[in-house]
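Read the numbers this way: they start at 1 and go in the same order the structure lists the ligands and their atoms.
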Amino acid sequence: MNYLDKSVQVIKEFQDESGAYIASPNFSQYKYYWFRDGAFIADAMNSVGEKESASRFFEWGLNVILKNKEKIERIISKKLEDIVLEDFLPTRYRKDGSSDTGKWTDEQTDGYGIFLWAFERFLNGEMNEKEKSGVEYITGYLQKVWKLPCYDVWEESSDDIHTSTLLSIAAGLRAAEKLLERKTGWESVVKFIKENHTENNRLIKSSGNYGVDGSLIWCISPFELFTSESDLIRNTCERIYKDLCIGGGVKRYLEDSYFGGGSWILLSCYLGKYYKDIGDHEKSEFIMNWVEKNFDENGYLAEQIPQDLLKPEFYKPWVEKWGKIASPLLWSHAAYIYFKKS
Ligand code: BGC
């Protein structure tokens with residue numbers, strides 16, 4: 001099987017007519033549409049020349065943003081100290097752009113940053129009026145809320161400020177600076193990360209947890225907010241490898257109990273891509289072999305593989321609650337494309 005072609009095919013097959021990418025078609029809680037997953041998927045599709053697919057996703061996203069413009073105007077006009085979680089934009093959408101806020105840990109800001117990052121990589125030429133307006137709204141929103149606590153990329157811990165959320169926002173505001181040809185303050189976000197989200201010259205998970213998290217890899221792969229020569233990046237990546245990579249599969253973080261805390265395909269792909277880029281072929285191939293071994297008989301990649309579980313006692317209760325681990329997870333396929341392709 002050609003896994004690259006298969007991954008493109010899986011994503012195409014499950015892209016909705018609206019342009020939105022479903023997170024996973026076979027898992028009750030993920031039959032929804034996320035900006036985070038969607039933007040990473042659109043970027044992967046763009047990288048393999050599937051422009052039409054990517055373009056339809058961005059169109060969907062811009063429509064959702066413009067539909068939410070009063071909500072965005074409201075939060076922007078509020079004093080920072082008066083903003084509450086309910087003021088944030090949602091995360092888990094339906095394909096028609098509506099959401100059932102209140103039923104999910106929905107207040108997460110990273111996806112909007114990732115959307116801007118991916119959109120700038122996609123765009124070729126000038127933005128039209130609608131695109132400009134959508135980008136302005138997202139930029140204004142992120143400039144307002146970036147320093148506030150909210151749920152993280154794993155949809156947990158709303159009391160903290162999360163490093164990978166800040167990384168996503170910095171990448172998004174840097175992209176917006178190019179798109180809008182004006183300063184957006186992304187460098188202040190990076191400065192804030194360096195001053196407040198590091199310990200012993202490596203990135204930490206969040207303001208409330210000085211441990212390591214697999215999503216910290218986004219500092220370089222794919223966002224390239226720092227150079228791979230910087231000690232901060234080297235130390236962060238080595239720590240992810242040492243603490244979280246078991247047999248080629250990467251954990252989210254050491255205390256993870258979701259489905260027992262298995263190994264995540266997409267995190268492995270981002271870490272593997274970092275090693276590929278710095279020329280550490282031994283590690284990158286070790287990880288690639290693990291990822292490719294985990295395509296199932298249908299050519300699907302799951303969200304996580306239940307091996308070397310961190311908290312095995314939690315595996316069964318999650319399966320009983322929500323069913324088998326999500327597969328295919330379109331974001332896993334997108335991360336594979338990113339790792340394999342470039
Ligand atoms: C993950 C999110 C992801 C969602 C849909 C959740 O389990 O924590 O990062 O966006 O699944 O794939």
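Side chain of T184 to backbone of L173: a donor-acceptor contact under 3.5 angstrom is found.
D100 pairs by the salt bridge (charged side-chain N to carboxylate O under 4.0 Å, His left out) definition with R92, R94, not counting sequence neighbours.
For a heavy-atom separation below 4.0 Å, the residues in contact with ligand 1 are A23, Y30, W34, R36, D37, V153, W154, E155, R252, Y258, E303, L329, W331.
By the 30° and 60° cut-offs, the orientation of the rings of Y112 relative to Y141 is perpendicular.
Of the N and O atoms on the side chains of E155 and W34, at least one donor lies less than 3.5 Å from an acceptor on the other residue.
Relative to the six-membered ring of Y3, K340 misses at least one condition, a distance below 6.0 Å or an angle of at most 45° to the axis.
When the shell of 6.0 Å around CD of E313 is examined, it contains more than 12 heavy atoms from other residues, nucleotides or ligands.
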